[in-house]
Amino acid sequence: MIDSYLRQSALDHLGLAGRTSEEPEKAAVRLGEKLLPAAVNLRGDVADPAFVAALREALGVEPPSAPNTVATNGEVALLWLGPDEWLALQHGAAPEAEAQMAAKLRDALGDLHAATTEVGEQYVCIHLAGPKAREVIEKGCPLDLHPRAFGGVGHCAQSHLSKATILLHQVSPGEDGEPAFDLYTRRSFADYLWRWLEDAAGEYGVAIVAP
Amino acid sequence: MTPRYSVFSLLRNALSYHENWQQAWRSPEPKARYDVIIVGGGGHGLATAYYLAKLHGIKSIAVVERGWLGGGNTGRNTTIVRSNYLWDQSAALYEHAMKLWEGLSQDLNYNVMFSQRGVLNLAHNQHDLRETLRRVNANRLNGIDSEFLNAQQVKEMVPIIDLREGGRYPVLGASLQRRGGTARHDAVAWGYARGADALGVDIIQECAVNGFRIENGKVTGVETSKGLIEADKVGVVTAGHSSVMANMAGFRLPVQSVPLQALVSEPVKPIIDTVVMSGAVHAYVSQSDKGELVIGAGVDGYIGYGQRGSMQVTEETLAAICELFPLFRRMRMLRQWGGIVDVCPDASPILSKTPVQNLYLNCGWGTGGFKATPGSGWAFAHTIAKDEPHELNAAFTLDRFRTGFLIDEHGAAAVAH
Amino acid sequence: MSGYRLSSGGQIDRARPLSFAFDGKRYQGYAGDTLASALLANGVDLFGRSFKYHRPRGLFSAGVEEPNALVTLRSGARAEPNTRATVVELYDGLEASSQNRWPSLAFDVMAMNQLAGPLFSAGFYYKTFMGPTRKAWMLYEYFIRKAAGLGAGTLLPDPDRYEEMNAFCDVLVVGAGPAGLMAATAAASSGARVILADEQSALGGNLRGSASAQENLAGLAALDNVTLLARTTVYGYYDDNTLGAVERVADHVAAPAEGQPRERHWTIRAKQVVLATGAIERPIIFGDNDKPGVMLADAGRLYVERHGVAPGRRVAVFANNDGAYRSVAALTTAGVAVSAIVDARREIGAEAQAIAAASGAELLLGQVVTRALGGQRLSGIEVAAFDPVQGARDGAQRQISADCLLVSGGWTPTIHLASQAGGPARWDDSLTAFLPGEASQPWRAAGACQGTLDSAACFAEGAQAGAEAARACGLSPNPVSLPGAKTEPLADVPLPVWDARPPHGKGKAFVDLQHDVTASDISLAHREGFRSVEHLKRYTTLGMATDQGKTSNVTGLALMARERKLSIPEVGTTRFRPPYTPVSLGALAGQARGSHFRPTRRTAMHDWHVENGAEMQAAGLWLRPRIYAQGSETVEQAYSREARQVRASVGMVDVSTLGKIDVQGLDAAEFLNRVYSNGFLKLPEGKARYGLMLREDGFLWDDGTTWRLSETQFLMTTTTANAAPVLSQLEFLLAAVWPELKVAVTSVTEQWAGMAVSGPKSREVLASVLDDLDMSNEALPFMGVRKGHLNGLPVLVARLSFSGELAYEVYCGAHHGEAVWSRILEAGKPFGMIPYGVEALGTLRIEKGHVAGPELDGRTTAEDLGLAGMTSRKKHYIGSSMLKREGLTDPARLKLVGFVSADGGKIRAGAHLVAANDTSSPPRSLGHITSTTYSPALEKYIALGLLEDGPERVGEKLVATYPLKNIDVDVEVVSSHFFDPEGSRMHV
Amino acid sequence: MLQITCPHCGARAESEFHNGGEAHIERPKDPAALTDAEWAEFVFLRDNPKGLLLERWNHTQGCRRWFNVARDTVTYEILAVYPMGSQPPALDPRRYV
């Protein structure tokens with residue numbers, strides 16, 4: 001039934017699909033949107049085995065307790081947001097996935113003191129890759145993205161890029177000199193942030209891709 | 001007897017190669033006691049001493065200053081003068097200051113270069129417009145000159161402004177106070193100092209106050225780096241350091257001392273003839289007589305006595321300024337500095353008696369102190385001389401935070417300067 | 001005409017001639033020239049006019065310290081006034097013009113100021129221009145402003161772009177001279193992340209072009225842990241080792257390439273910093289020392305060695321230290337005649353003597369230059385015997401002809417950054433200079449900036465500083481080999497000579513060339529009591545010019561010390577503030593330009609609104625539909641139509657911008673009960689309640705409805721403006737005040753798209769699109785909340801009314817916002833359903849007397865707004881304790897009432913209320929109009945306002961006065977509930 | 001530009017944080033027992049010291065957690081970071097005049 005409706009990303013109006021580049025490898029920065037991830041915000045006590053077990057049962061992943069790290073089973077990723085907070089993320093899932101994930105979690109958590117909130121529809125995921133991807137982010141974000149400081153793949157951090165709050169997740173190491181990041185922002189800021197990124201990448205050469 | 005300044009005295013002295021000018025003020029050693037000691041040798045403190053001597057016939061007055069006079073916020077502000085405040089009490093106080101400004105150079109026989117070039121407060125959205133119109137009408141009902149300009153009229157008055165039609169922060173209009181403008185900040189301190197000195201006030205620089213002598217609830221003297229100085233009455237006018245002083249006197253204040261930054265550009269030929277302020281984007285600009293663009297920023301969001309603030313605050317201010325005046329991008333920042341401003345929760349000052357008898361407090365001017373200098377000194381002098389506030393400052397008590405009679409000047413006064 | 005291009009030498013590319021223009025006249029230079037060197041090579045000696053006296057001025061230096069040679073570079077939108085010709089890299093087609101002169105540089109009418117010179121003493125303007133009338137100053141000011149101000153800024157918007165970069169490193173090295181190069185090399189050897197920045201067009205400083213520097217730089221460039229930044233000025237040292245730098249990416253070309261920024265602003269966060277910022281030569285002052293042709297000695301050397309330009313044909317040298325002899329040697333090597341060397345010292349070292357002898361110049365020891373001769377340029381100098389104690393002697397002056405005088409008064413270490421991040425500068429008596437004080441942040445200085453002028457020593461110091469910095473980062477540097485540099489026998493220890501004038505010397509002696517501050521101005525400042533350094537600067541404007549006193553501050557201090565009979569350190573030094581050299585405002589503003597300045601937040605239905613004719617209006621960062629104008633409708637016509645249609649049938653408004661907070665946990669109800677002024681404990685599941693939030697001081701803060709979705713879960717809504725502040729406040733209360741409460745709050749503002757469906761037909765419309773909800777009054781009563789589906793899509797439906805009509809709020813997942821919005825409108829077609837904007841939203845709520853932003857302005861209490869009933873007496877909550885203070889219960893407080901105009905005419909927002917019989921002028925304000933609208937329901941203008949004893953005045957006739965336009969409207973005070981006060985319509 | 005070490009996320013730029021004013025201001029446990037003056041003291045009166053200040057910060061652009069910071073208000077040096085609800089570490093109570 002839902003399919004009878006149009007699910008719209010907050011970047012829909014930019015018609016990115018129609019602007020994808022023929023030869024992205026020529027650009028130093030590749031920009032694209034990873035459409036409509038499912039996401040559930042989780043609160044709970046990682047020191048409580050029952051909480052950890054519930055997440056393992058519902059998602060097949062345990063919440064990472066190390067700050068700014070990501071645990072994943074290839075399908076669902078748990079991004080650390082705070083000492084008692086995580087974001088459960090799933091890309092390329094069916095529209096119902098988010099509600100189902102949340103339901104599974106609520107069942108598993110039972111009456112533990114924990115909170116489960118569906119938040120996928122307030123995020124937009126922008127994917128940046130390429131030899132200059134890091135520089136583009138560093139133009140507006142006060143995070144040190146050098147592998148030595150950021151930690152490389154499997155690490156995430158919340159910060160701001162220019163005037164928008166972001167959640168940054170490094171998804172490719174870039175030993176090949178081509179690191180890749182998933183950058184999450186609130187949907188109302190997506191248009192602003194996309195334009196900012198495309199403009200900031202301009203001096204290096206930018207290609208729009210469908211990641 | 002201090003000789004008068006005039007073009008003739010200038011000519012006369014020119015002929016003698018300026019060898020015969022007298023010092024603008026003496027540098028006396030402190031006496032053992034004074035009738036009144038003013039702590040703080042900034043504009044407000046010196047003005048207080050001047051009016052105490054001039055209007056209240058008090059003979060024995062000292063101003064003690066820890067550094068050099070005028071070295072605090074008096075010498076660090078962006079010199080804007082206006083009186084178009086929202087509430088009756090504020091309007092009355094600032095308008096009284098405005099009237100004193102209008103004759104100050106002549107009164108002090110010192111050119112403070114009070115330039116009534118007009119002050120514009122821009123409105124960028126419907127909310128701004130509503131508040132602006134309310135304030136303009138309130139000003140008029142308080143007998144304060146206040147006009148409203150639509151976008152086109154703003155453009156005519158400030159041709160270099162970008163109205164940003166359709167932009168994020170379009171200029172929809174502005175309030176204008178033509179009698180507002182700027183003055184030469186150092187000259188205000190020096191003029192009051194010279195005037196007070198001529199009336200016998202001892203101005204004691206490089207004299208830090210380390211404590212107050214308080215005997216059964218009554219202040220009787222000031223402990224300074226030059227020893228104890230006794231006094232019947234003590235007025236504290238130390239802006240950012242008010243809490244430090246209050247702490248020495250044994251009470252606390254509803255005040256936070258935060259960094260406020262400003263900067264000037266290299267001098268260029270006249271390019272903007274009025275003062276332009278924007279509350280929505282926290283920026284204000286005018287051009288000094290020397291040709292420097294004088295730009296003020298918002299305050300930092302934390303307590304700081306370092307007379308410096310964060311880079312990001314300056315960057316945000318300049319982004320705003322360059323949006324309104326895109327042609328400023330190629331001009332250059334020449335100097336950048338910070339002051340320590342004492343901010344009250346209701347963005348209004350405290351001009352009041354204190355829990356300590358005969359100890360009086362003048363603080364909380366936040367980012368708006370300079371424009372009030374003459375009125376503040378005038379009213380504070382009255383409060384000290386009569387041991388009770390003048391009706392102009394009756395509402396600006398320390399007690400209002402208990403009673404709830406706040407004078408909330410947030411927002412409606414644009415950037416609260 | 002005295003400067004000329006040497007037939008060989010210099011680091012210029014003679015194969016690449018460049019054509020350029022100064023004041024419209026075309027010249028030729030070479031790649032590697034600066035504008036200054038190229039003009040000098042073309043024999044130009046008049047570069048500018050001074051600020052106050054408009055005296056002719058020539059080239060004084062070869063770097064950023066230049067006080068005289070300020071030009072306007074480029075033209076049109078890219079014109080840059082006050083640009084130092086000495087730092088402008090020459091490019092083909094460069095255009096520059098002189099400033100502050102009229103009609104021409106050679107003939108400047110304002111030079112008349114010199115006649116009035118005696119009047120223009122320091123601070124003269126404070127002493128006059130005070131009459132005849134109070135307003136007279138405005139007239140004087142007009143002319144003073146015109147006369148002041150150096151160059152003219154462009155009037156066109158800057159076409160160039162500026163970029164920012166956040167950079168992190170282990171070691172930042174500022175300055176790429178001998179010390180800096182070695183520091184970077186040593187630090188990099190440890191694998192540290194190193195940034196090496198230098199303001200010049202190429203790295204190397206004094207070693208520029210040398211083989212050792214090239215080798216060194218090549219080595220560094222090859223390392224991926226090293227970033228080399230030429231043309232980059234580190235201008236400011238901020239807290240926590242954050243430094244600001246500006247990279248001039250494209251200032252050395254006519255215009256930036258496509259997409260290329262003109263400048264890039266770097267915010268560098270370094271673990272350790274090495275300051276290798278060098279030193280700047282300073283002059284000795286004497287009579288008419290501002291004559292074109294008088295130049296710093298080292299500048300003369302640089303023009304010869306770097307640009308292959310001779311500064312003059314008959315060059316004289318005036319020194320008090322050996323430094324100047326490097327210049328003599330350079331000139332001799334290049335075949336430039338040095339006619340005389342005047343040295344204040346009675347003896348000089350063997351090396352210096354050898355250089356002097358080799359130059360063939362007459363060597364005058366124990367003598368000084370007392371005066372410069374000539375008209376618009378130097379023609380000669382007067383020389384007199386000098387005694388270290390008495391100074392120069394009056395009497396028999398010998399004259400020596402010269403067209404260029406190279407002056408060296410010793411070196412002033414560049415301690416600006418050190419001073420910004422450290423304690424007071426340290427005075428060194430042997431160097432007669434200030435050195436860096438104690439570091440208050442992790443930096444170390446190396447080389448000339450801490451008084452080490454010998455190259456070999458600079459190499460060693462640099463290497464050591466770099467290694468120490470790396471170690472401080474926990475890394476282990478390797479030893480580096482130092483370039484072979486012979487320790488120079490030249491000693492730079494100067495004989496203290498500041499003012500070489502004899503007691504009755506002639507001519508003005510300039511301390512600050514750009515601001516025309518003379519030695520006698522400093523005496524005057526002292527005489528009048530302006531003796532502290534800050535007073536001296538502010539009264540005389542010494543060091544306040546665009547060169548920030550780089551060549552004048554120390555001399556000024558020395559002269560004040562002489563007046564006060566104190567030592568220089570006793571007089572003190574001024575603290576340096578950023579920037580080291582002026583920084584363009586554009587670079588600091590960076591990318592925050594146009595649509596990047598502030599975000600524009602868009603709701604899920606944004607595009608629909610725009611496509612359907614909405615006029616969008618800012619609400620904070622959001623854009624919301626104001627009206628959906630049809631044809632040529634005015635705003636008033638549009639909102640009236642929209643509001644009318646809502647009451648007549650049904651309409652829908654986008655309320656997505658309201659803050660939404662998911663409140664979960666066992667103690668959720670208890671928590672809400674403490675933050676709202678009204679009760680929430682007993683709110684049943686499936687019900688919503690309107691709540692008030694107070695500030696701790698008792699004033700109203702925010703309002704909204706909160707929906708109980710389950711025993712332990714609530715959905716709180718806030719006003720658009722307070723969405724973020726309320727969330728922060730809730731988080732704060734849970735973290736700091738009631739940590740024991742088991743509650744979690746999460747923002748879901750953007751998870752949900754929200755739309756309010758209002759009007760008598762709203763039930764029918766929704767019933768027709770919702771799959772599974774019984775919309776009957778029984779099943780979904782007023783304030784009821786239900787979960788349902790719309791074509792299978794989960795939605796939340798709450799029966800709330802802000803308009804006084806039967807109304808519902810429908811929330812759906814944001815991805816479907818536009819789809820659901822259009823689907824509901826489609827279903828509403830048969831009823832003539834319309835979208836409405838915030839204007840009509842306002843009209844509807846004003847007709848009902850509901851308060852909003854204009855009334856909730858942070859200055860009102862619940863009682864003021866007739867909401868006292870919502871402040872519980874039975875419980876404690878945030879704000880309850882201070883609610884009853886006299887200031888908040890004062891009967892004289894302004895209270896909310898309604899107003900209707902007597903003749904149905906317009907009541908303006910911002911109008912003030914005065915008594916009808918108040919004849920005083922101006923009349924006393926009894927309050928003001930907060931919200932106003934034309935009411936289609938009542939078919940007249942109505943308004944809400946705050947009025948002294950408002951409720952007691954209902955029925956009274958007042959005047960709504962609008963002094964701005966001299967409009968007075970007779971109004972009647974009425975209840976704020978204009979329409980359907982019983983609320984019958986929304987309960988159907 | 002301060003670098004503040006969030007106890008959870010590590011050292012971050014000042015622009016990610018929001019200052020929440022003086023720390024250890026205990027909200028009265030028995031609200032009814034206080035006079036207006038005592039309430040005014042709790043709500044408005046602050047030490048505003050020139051020197052060592054214990055204050056609250058929120059990592060608004062990061063983990064959104066509140067924490068306490070001991071900072072020198074003259075040098076802006078951060079002397080300690082410690083969690084909400086815990087007592088400040090022993091520090092030399094710097095005061096400048």
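Model, not experiment: these values are computed from the prediction. Just so we're on the same page: letters track the sequence lines, and every chain starts at 1.
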Chain C contact via R43(A) - which portion, at a heavy-atom distance below 4.5 Å: side chain
Tell me, side chain or backbone of L193(A) under 4.5 Å from chain C's heavy atoms, or both, or neither? neither
With only heavy atoms counted, which part of E163(C) is less than 4.5 Å from chain A, the side chain, the backbone, both or neither? side chain
Checking D111(A) against chain C: side chain, backbone, both or neither under 4.5 Å from a heavy atom? neither
Interchain contact, H113(A) with chain C, by part (heavy-atom threshold 4.5 Å): side chain
Which atoms of W622(C) come close to chain A, meaning under 4.5 Å heavy atom to heavy atom: side chain ones, backbone ones, both, or neither? side chain
Which bit of T746(C) comes within less than 4.5 Å of chain A, counting heavy atoms only: side chain, backbone, both or neither? side chain
Which class fits the ring pair F51(A) and W86(A): parallel under 30°, tilted 30 to 60°, perpendicular over 60°? tilted
For Y811(C) together with W707(C), are the ring centres under 6.0 Å from each other? yes
For V745(C), which atoms come within 4.5 Å of any heavy atom of chain A: side chain, backbone, both, or neither? backbone
Contacting region of S747(C) [heavy-atom separation from chain A under 4.5 Å]: both
Region of N41(A) in contact with chain C, defined by heavy-atom distances below 4.5 Å: side chain
Please rank R187(A), E135(A), E138(A), R195(A) by heavy-atom pairs under 4.5 Å with chain C and give me the top one. R187(A)
For D170(C), is it the side chain, the backbone, both, or neither that has a heavy atom closer than 4.5 Å to a heavy atom of chain A? side chain
Highest number of heavy-atom pairs under 4.5 Å with chain A: which of R269(C), R601(C), Q260(C)? R601(C)
Can you tell which of E85(A), K163(A), H146(A) has the highest number of heavy-atom pairs within less than 4.5 Å of chain C? H146(A)
Please say which of E23(A), E178(A), E198(A), E25(A) ends up in a salt bridge (charged side-chain N to carboxylate O under 4.0 Å, His left out) with R30(A). E178(A)
Which atom pair, heavy atoms only, marks the closest approach of L793(C) to C812(C)? CD2-CB, 4.4 Å
Residue among C141(A), A200(A), A149(A) with most heavy-atom pairs under 4.5 Å to chain C: C141(A)
Separation between CH2 (W608(C)) and OG1 (T603(C)), nearest 0.5 Å, reads 11.0 Å
What is the minimum heavy-atom distance between A587(C) and H265(C), and which atoms define it? O-CB, 3.3 Å
Check step by step if side chain to side chain contact (heavy atoms under 4.5 Å, CB included) holds for M101(A) and E118(A). CA-CA 9 Å; M101(A) 198 194 306; E118(A) 290 147 82; over 6 Å; no
With salt bridge (charged side-chain N to carboxylate O under 4.0 Å, His left out) as the test, would you mind laying out the steps for E258(C) and R161(C) before giving the verdict? CA-CA 10 Å; E258(C) 180 63 30; R161(C) 57 183 290 137; over 6 Å; no
For A54(A) against L109(A), the heavy-atom pair lying closest together: CB-CD2, 3.7 Å
Quick one: what part of R264(C) sits under 4.5 Å from any heavy atom of chain A, side chain, backbone, both or neither? side chain
Looking only at heavy atoms, the pair that brings L172(C) and A270(C) closest together is CB-CB, 3.9 Å
Below 4.5 Å, heavy atoms only, C-beta onward: do D662(C) and F714(C) meet side chain to side chain? no
Under a 4.5 Å heavy-atom cut-off, does chain A meet the side chain of Q664(C), its backbone, both or neither? side chain
